[in-house]
Amino acid sequence: MSKEEIKYYFNTKKDSIILAILNTFVFWQLSYYIFILLDRQVFFDSTSYISMAKGNFNVIAMHAYRIAIPLISSLLAKFISIFNPQTFSNSLVNSDIDMRISFFLINLLFSGAIFYFLYETLISMKYRKIVVTAAIFSLQLNTIYLFYIAVPNVDIGVLFFLSLGLFVYSKLEKKSFFIIFLAINIIGSLFKEYIFITNLPILLLFLNEEKSKNLKKAILIFLYIATNLLFVYIFRLIISNVVFLIFETEFISTSSKPFFKYLIKSTFPLPFNINKLQDIFQYSPFLMVIIIILGALKNKNVFRQELKDIKAKNYLQNFNVFITLSIFLLLSGAATWSVRIFFPFYIYLLPIVCEVIEQITRKKIK
């Protein structure tokens with residue numbers, strides 16, 4: 001891009017960039033207390049990712065392949081260590097302060113980028129700026145999101161690539177969408193291996209707009225899944241061999257506990273009690289749910305008629321896609337912190353939240 005093109009881009013996107021920066025500072029303030037008080041020993045995943053960033057890959061295999069954020073953090077920590085942060089750090093923070101600061105800064109940057117991509121996507125659907133901003137904050141203002149920022153982890157990468165996928169979906173022409181979208185998800189597998197599954201509904205939304213035959217759509221879906229699975233396998237093979245050659249380390253075998261059995265047991269523990277009810281409120285973006293419920297109570301047609309013929313890209317016209325995701329939304333709301341993998345699917349409800357806020361405030365906010 002030329003200097004003039006860069007200047008034009010920043011001039012046209014000035015509002016989005018400023019709001020993204022402000023959003024980053026807000027969540028820096030909100031998450032800092034967790035960053036200071038929560039030591040890595042109480043968050044199992046953090047131990048693995050900090051060890052990887054320090055060059056110790058003697059961690060469970062499931063974590064070891066998620067190499068991107070620990071690698072970036074390792075590079076940033078070397079720069080941070082120049083300033084010797086141990087000399088002025090809070091006594092409550094452990095000796096890995098340079099690593100923890102690097103993860104914290106990276107997560108904050110990802111959070112700012114998430115806001116920017118979601119803001120641009122929703123603005124392209126012709127919602128007002130104040131409505132879009134309120135909707136995104138309704139997603140972010142919850143315990144899980146603050147943990148994504150404050151604690152060394154790689155989960156925020158899932159939200160980042162989902163937001164980026166929606167941004168690409170809303171901006172790119174149909175001819176170039178599939179290749180670029182596929183490339184984004186292949187890169188995303190270095191952050192977390194199931195990102196291509198989280199982003200699959202975006203491809204379904206794109207295909208719903210296509211006038212191609214069902215056979216072509218089926219081929220594209222198969223090609224998307226098969227290609228991503230192939231690269232996940234290739235990346236795992238490369239990473240495990242490189243780590244063994246350089247560090248002479250083999251990954252620790254994953255727990256023998258069957259994953260799906262663990263998933264079901266964690267999500268639907270019996271008997272249901274007050275602690276489980278607390279998890280539902282604590283570990284889901286409950287503000288989003290309240291907004292949608294209020295909208296449905298105020299206007300019973302909010303999910304039947306008015307969504308059928310509004311906004312660019314026919315996003316809300318394909319409401320059947322979101323019905324298929326309802327089980328994931330229920331799981332994410334009912335699941336404990338350890339089964340937070342369904343949380344990113346709430347992003348797909350943001351246009352619904354925007355629509356409800358628009359209908360509630362249309363006459364009150366100009």
Side-chain angles (χ1 to χ4, degrees), residues 17 19-40 43-57 59 62-86 89-90 93-119 136 139-140 142-165 167 184-185 187-195 198 235 239 340-341 343-344 347:
I17 294 170
L19 284 171
I21 293 172
L22 290 175
N23 180 268
T24 302
F25 276 99
V26 167
F27 282 92
W28 166 39
Q29 293 290 304
L30 291 174
S31 61
Y32 182 73
Y33 194 66
I34 300 174
F35 166 74
I36 289 296
L37 291 184
L38 191 68
D39 204 293
R40 62 186 174 88
F43 190 70
F44 171 71
D45 291 16
S46 296
T47 305
S48 294
Y49 299 129
I50 289 176
S51 294
M52 290 166 62
K54 294 166 68 176
N56 178 12
F57 283 82
V59 298
M62 182 174 64
H63 292 164
Y65 298 118
R66 302 165 182 173
I67 197 171
I69 290 181
L71 181 60
I72 298 170
S73 179
S74 176
L75 297 173
L76 181 58
K78 291 178 180 178
F79 173 76
I80 293 172
S81 64
I82 297 173
F83 302 96
N84 196 17
Q86 286 84 357
S89 64
N90 190 299
V93 182
N94 62 47
S95 57
D96 291 320
I97 181 63
D98 52 342
M99 286 295 176
R100 292 198 59 200
I101 290 175
S102 64
F103 273 99
F104 185 48
L105 293 177
I106 290 166
N107 292 342
L108 279 172
L109 290 174
F110 272 115
S111 179
I114 288 166
F115 179 91
Y116 175 80
F117 291 138
L118 291 178
Y119 183 87
I136 298 173
L139 170 76
Q140 294 177 315
N142 62 83
T143 301
I144 285 187
Y145 195 87
L146 294 178
F147 270 68
Y148 281 166
I149 296 173
V151 176
N153 73 98
V154 299
D155 295 291
I156 201 166
V158 183
L159 298 180
F160 171 79
F161 279 95
L162 201 163
S163 304
L164 177 58
F167 176 77
I184 287 171
N185 286 278
I187 296 170
S189 64
L190 291 171
F191 289 75
K192 214 159 190 181
E193 65 281 355
Y194 59 77
I195 283 176
T198 311
F235 286 149
I239 291 169
R340 65 201 176 281
I341 60 175
F343 177 83
I347 286 180

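Side chains are part of it too, since the values below use all heavy atoms of this structure and drop only hydrogens, waters and symmetry mates. If you're wondering where the values come from, they're calculated on a predicted model, not measured in any experiment.
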To the nearest 0.5 Å, what is the distance between [atom1] on [X] and [atom2] on [Y]?
X: K192; Y: H63; atom1: NZ; atom2: NE2; answer: 7.5 Å
X: I67; Y: I239; atom1: CD1; atom2: CD1; answer: 5.0 Å
X: L190; Y: I195; atom1: CG; atom2: CD1; answer: 9.0 Å
X: F25; Y: L30; atom1: CZ; atom2: CG; answer: 13.5 Å
X: L162; Y: N185; atom1: CG; atom2: CG; answer: 9.0 Å
X: I156; Y: I144; atom1: CD1; atom2: CD1; answer: 12.5 Å

What orientation do F160 and F110 show, parallel under 30°, tilted 30 to 60°, or perpendicular over 60°?
->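 Correct class here is perpendicular.
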Specify the closest pair of heavy atoms between [X] and [Y], including all atoms of both residues, with the distance to one decimal.
X: A150; Y: R100; answer: O-NH2, 4.2 Å
X: S163; Y: F117; answer: O-CB, 3.6 Å
X: S81; Y: D98; answer: CB-OD2, 4.0 Å
X: P70; Y: A53; answer: O-CB, 3.5 Å
X: S31; Y: I149; answer: OG-CG2, 3.3 Å

After noting the C-alpha distance and the side-chain angles of L105 and I80, does the key distance pass the side-chain contact (heavy atoms from CB on, under 4.5 Å) rule?
-> CA-CA 11 Å; L105 293 177; I80 293 172; 4.1 Å; yes
Min side-chain heavy-atom separation [X]-[Y] under 4.5 Å:
X: F235; Y: E193; value: no
X: N153; Y: N107; value: yes
X: N23; Y: Q140; value: yes
X: I184; Y: F161; value: yes
X: L139; Y: F343; value: yes
X: V158; Y: Y194; value: yes
X: L75; Y: S102; value: no
X: F191; Y: I69; value: yes

Please step through side-chain contact (heavy atoms from CB on, under 4.5 Å) for the pair R66 and Y49, ending with a clear verdict.
-> CA-CA 9 Å; R66 302 165 182 173; Y49 299 129; 3.0 Å; yes
Does any N or O in the side chain of S46 come within less than 3.5 Å of the main-chain N or O of P152, such that one atom is a donor and the other an acceptor?
->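 Such a contact is found between S46 side chain and P152 backbone.
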How far apart are the C-alpha atoms of F103 and I50, what are their side-chain angles, what is the distance that settles it, and do they pass the side-chain contact (heavy atoms from CB on, under 4.5 Å) test?
-> CA-CA 9 Å; F103 273 99; I50 289 176; 4.2 Å; yes
Do the side-chain N and O atoms of Y145 and S111 include a donor-acceptor pair separated by under 3.5 angstrom?
->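 Indeed, the side chains of Y145 and S111 share at least one donor-acceptor pair under 3.5 Å.
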Start with the C-alpha gap between F115 and T24, add the side-chain angles, then the distance that decides, and say whether side-chain contact (heavy atoms from CB on, under 4.5 Å) holds.
-> CA-CA 8 Å; F115 179 91; T24 302; over 6 Å; no
